Each structure stands twice: as structure tokens, then as C-alpha cells.
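Each remark here refers to the structure printed beneath this line.
Numbers here simply count residues along the sequence, with the first being 1. In this text the structure is predicted, and so the values were computed from the model without any measurement.
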Amino acid sequence: MAACVARRCLSFLGRYRRGVVQSSFGFDLRPAERVLPRSVCVCCLQQNRTLTSRNRPEGKVLEPVGVFEVPKQQGKYETGQLFLHSVFGYRGIVLFPWQARLYDRDVASPVSEKVDTSVAHGSKEVKGKTHTYYQVLIDARDCPHISQRSQTEAVTFLANHDDSRALYAIPGLDYVSHEDILPYNSADQLPIQHELFERFLSYDQTKVPPFLARETLCAWQEKNHPWLELSDVHRETTENIRVTVIPFYMGMREAQNSHVYWWRYCIRLENLATEVVQLRERHWRIFSLSGTLETVRGRGVVGREPVLSKEQPAFQYSSHVSLQASSGHMWGTFRFERPDGSHFDVRIPPFSLESNKDEKTPPSGLHW
């Protein structure tokens, strides 16, 4: 079964009539190319039933889970908004938004356009524009289907004990860009299966959306804000492969009478063309404010060499870096292979590693 199961379930958008879904697994969903009608049902695959269609997986069936809403071109989605991820296809729910600065090296900002800040990466000035991301919960039922394309335990924290390298993760927590949200609504009072759903959200049928933030969610957001906050996003495209990087500061630990600063970084690779390519190698350059410059080379990423195709165009993962200085920079390249065996390098946009000056102790677990 392909990893983007739920995204394929949306393929009915090419064939619908009177609000009744006419499923067609062969259609490649591109959200920007279709306007979602309000009356179309959202469906996902369920096990243990047989479909008669010859191009559907045996033993699986489409089950309605809700009704699409018109995506917002302006404004933000509220806490409690249900959605499908337009790229990875999982069901999720919005916890709260983040206002990030997007540094897009593919877009030249007009001089007259209002921007938040600017940075110089090499010889090219990149303007940072405000862009909305969301902290979300992923439906646990969809995690097995997306685990080969996107890590479902990518949001990690430093453990608060003597082992300076120990990490822990919150399963099913993700960051989603505004344009990746395909909103829908559901009459189900428990539409998302996640261990934190009922702890963070309550149901009120008189509200829109009907899922409201509990005090627990507000307290958790406030206490863990320094380690959850998404502030900068970096993006660049080389030969139709778009690389997006989001760095997060994780905190500082003492090790062998020195300070060690930690960051995690989330990387998304997207194939914007139709040609199949495969990631083969990574090449990183890591500069520390202490004056050191480190080079890292290796096969693939996180033990994988993902294939990016028209059917599965994206791969997302997280990794970590530590420095013995409070700031630094990272940049590099990914080497991809074409079907004919030729290779090409894709630039990783340079990004800063910055620590929080008013740092507090990172969390040692879920703080309520």
C-alpha cells in the first residue's frame, strides 16, 4: 500500500456528482489545481472489507469521515480545525498557529513590498515574509501509512537528566504550512485518534469549529513555548527539487565542563517535476561561532534513500546538530540520481542556528 493512502483517497475530486463520491485512485491530487466543493465527502481507507473495483487494494474500503470546506486564502485556521494534509494525506487537527518568517530563495521580493526582516545568504539577499504554520496532531490510524514518507515522531526534546544526548519525542505532533491544510468538518465527536486529543480539546456543538482548547492545551503551549516555537523557514529549489528547512533550538546542556547547544532541523524534499529521482548522498557544512567548520558526508538521510516520484513527490525528516557555541550556520547539498544513472546536486538553503538568550530549562516531559 502506498504511503500516501489518504492523499489517494482524495482522488475522487475529479469525479463527483450530487455530493456522492465517485472514487478514482488514478487521479493525482494537486490542491492548487482544484477548488474543493463543499458537498464532497472526505474518505479514508479502512481495513477488512472487500472492494469490487479492480484498481483498489484488496481488503480495503473508502469510509466517509467528513465534508470538505473551502480552503482559506486569507486569515488563519482556528484551534480545532480538522484537515487533511495535502501532501502526506493524513488526518489531523489544528492546535494553534505559529507566525514564521519564510526566506524563499526562489522568490524575488519587490522593493516596495513590506517584509519582516532580511538576511544575506552568500551573495544573494533573501527577504523574510510572514507565513503561517500550525502545530497539529496526527491521527494515529494514519501514522503507519505515512511513516515511509514523513516521520511521525519528528518533534523531539532534550531529556532533563545527566545524559546530555538523551532525547524524547512526542508521537503524532507536526508542523503544517497554511497551504498544506485541506479543511473539513465532521459530526464525529472524536474524529481524531491521538492520546492527547481529549486532554487538549473539548467538544462544543454550538461552536465552529466545535473543538475548543482546554486549559491543559493553553498551559502546555505556554510552558513549552521556547522549545516548540517555529520562527524561521528556509526554502530553495534546484532542478525542480524544492528543499525546505525549519530549524528549532532545543536548549543547552553541560558536558565535560563545557556548554553544548542543541538544535533539531526538519527538512522536506519535494519533486516538482514528473521525472523519478532518488536521493543518494548528503553533504553538510556546519560552521560554529567558536570558529570551527565541520564537513559531514554520508549515504541518504536518516538511514534512507527516498525515491521522489509523481505519485509520492515528497519526503520529510528531522535530524539534530550540536555545537559548543551559542550560534552557527549550516548549508550543503543533496545528491540525487536520475533513472539513467546520472547525478545532480540540489542546494540546501543556508540557515542560522540561534539560541534563546533568555533560556530556561528545556522540558523533561509533557508539562501540563
Side-chain angles (χ1 to χ4, degrees), residues 42 65-66 69 71-72 75-85 88 90-100 130-143 146 150-160 167-178 180-231 233 246 248-251 264 266 318 356 358-368:
V42 183
V65 298
E69 300 173 356
K72 288 187 177 182
K76 299 189 295 290
Y77 294 107
E78 302 295 330
T79 295
Q81 176 65 60
L82 296 168
F83 71 92
L84 290 184
H85 195 294
F88 297 111
Y90 63 72
R91 288 165 287 182
I93 191 166
V94 171
L95 295 180
F96 44 81
W98 293 110
Q99 291 300 306
T130 300
H131 193 75
T132 303
Y133 276 73
Y134 300 94
Q135 195 88 66
V136 307
L137 295 180
I138 303 173
D139 195 308
R141 294 168 293 185
D142 297 337
C143 289
I146 66 172
S150 178
Q151 292 174 323
T152 57
E153 296 186 359
V155 181
T156 53
F157 299 87
L158 288 177
N160 192 16
L167 303 172
Y168 72 90
I170 301 178
L173 193 65
D174 199 6
Y175 295 85
V176 180
S177 179
H178 183 86
D180 288 337
I181 297 285
L182 294 178
Y184 73 93
N185 60 67
S186 172
D188 190 349
Q189 295 187 24
L190 194 62
I192 301 297
Q193 290 188 11
H194 191 286
E195 61 181 345
L196 297 178
F197 182 88
E198 292 184 281
R199 177 166 281 192
F200 280 169
L201 301 162
S202 62
Y203 180 78
D204 185 344
Q205 63 180 355
T206 66
K207 304 294 184 180
V208 179
F211 303 100
L212 307 180
R214 295 183 183 271
E215 291 185 5
T216 307
L217 174 59
C218 299
W220 181 78
Q221 179 187 5
E222 181 179 356
K223 290 182 179 180
N224 296 281
H225 183 278
W227 326 112
L228 290 170
E229 183 180 13
L230 184 158
S231 58
V233 180
I246 308 177
F248 298 87
Y249 178 59
M250 299 178 66
R264 73 176 182 273
C266 178
S318 288
N356 297 339
D358 56 345
E359 179 180 340
K360 300 177 182 179
T361 303
S364 59
L366 291 179
H367 286 237
W368 313 113

Phe211: what forms a ring pair (Phe, Tyr, Trp, His ring centres under 6.0 Å) with it, not counting sequence neighbours?
Phe197, Tyr203
Are the side chains of Leu84 and Tyr184 in touch, meaning some heavy atoms are under 4.5 Å apart?
yes
Please report the closest heavy-atom contact between Leu230 and Ala100, naming both atoms and the distance.
CD2-CB, 3.0 Å
Should Asn185 and Glu69 count as side-chain neighbours, where that means a heavy-atom distance under 4.5 Å?
yes
Could you check whether any side-chain heavy atom of Leu228 comes within less than 4.5 Å of a side-chain heavy atom of Trp220, counting everything from C-beta outward?
yes
Evaluate the side-chain proximity of Ser177 to His131: yes if any heavy-atom separation is below 4.5 Å, no if none is.
yes
For the atom pair OH (Tyr175) and SG (Cys266), what is the distance rounded to the nearest 0.5 Å?
9.5 Å
Report yes or no: do Ser186 and Asp188 form a side-chain donor-acceptor pair below 3.5 Å?
no
Kindly compute the distance separating CG (Leu137) from CG (Leu201), expressed to the nearest 0.5 Å.
7.0 Å
Going through the distances and angles, do His85 and Val176 end up as a side chain to side chain contact (heavy atoms under 4.5 Å, CB included)?
CA-CA 8 Å; His85 195 294; Val176 180; 3.9 Å; yes
Euclidean distance, Ile246 CD1 relative to Ser318 OG, rounded to 0.5 Å
8.5 Å
Between Asp139 and Pro191 the two heavy atoms that sit nearest each other are OD2-O, 3.4 Å
Set out, in order, the CA-CA distance, both residues' side-chain angles and the distance that settles side chain to side chain contact (heavy atoms under 4.5 Å, CB included) for Leu95 and Thr79, then state yes or no.
CA-CA 5 Å; Leu95 295 180; Thr79 295; 5.7 Å; no
Centroid separation Trp98 to His225 less than 6.0 Å:
yes
Show the numbers, then the answer: is there a side chain to side chain contact (heavy atoms under 4.5 Å, CB included) between Leu190 and Glu198?
CA-CA 8 Å; Leu190 194 62; Glu198 292 184 281; 3.7 Å; yes
Go through the steps for Val155 and Arg264 under the test side chain to side chain contact (heavy atoms under 4.5 Å, CB included), then give the verdict.
CA-CA 8 Å; Val155 181; Arg264 73 176 182 273; 3.6 Å; yes
Compare all side-chain heavy atoms of Tyr77 with those of Tyr134 and state whether any distance is below 4.5 angstrom.
yes
Test the Arg214-Phe200 pair against the cation-pi criterion, namely NZ or CZ under 6.0 angstrom from the six-membered ring centroid and within 45° of the ring axis.
no
A side-chain contact here means heavy atoms from C-beta on lying under 4.5 Å apart; do Phe83 and Val136 qualify?
yes
Taking the side chain from His194 and the backbone from Pro171, do they hold a donor-acceptor pair closer than 3.5 Å?
yes
Any donor and acceptor pair, going by atom type alone, linking the side chain of Gln135 with main-chain N or O of Leu173 inside 3.5 Å?
no
Heavy-atom closest contact (Ala213 atom, Cys218 atom, distance):
CB-SG, 4.3 Å
How about Arg141 and Arg91: do any of their side-chain heavy atoms sit closer than 4.5 Å?
yes
Would the Tyr133 and Phe96 ring centres measure less than 6.0 Å apart?
no
Taking the side chain from His178 and the backbone from Lys72, do they hold a donor-acceptor pair closer than 3.5 Å?
yes
Less than 4.5 Å apart, side chain to side chain, heavy atoms only: is that true for Pro183 and Leu82?
no
Neighbour count >12 (heavy atoms, 6.0 Å) for atom CD, Gln99
yes
So, Asp174 and Tyr90: side-chain donor and acceptor under 3.5 Å apart, yes or no?
yes
What is the distance from atom OG1 of Thr152 to atom CD1 of Ile170, rounded to the nearest 0.5 Å?
13.0 Å
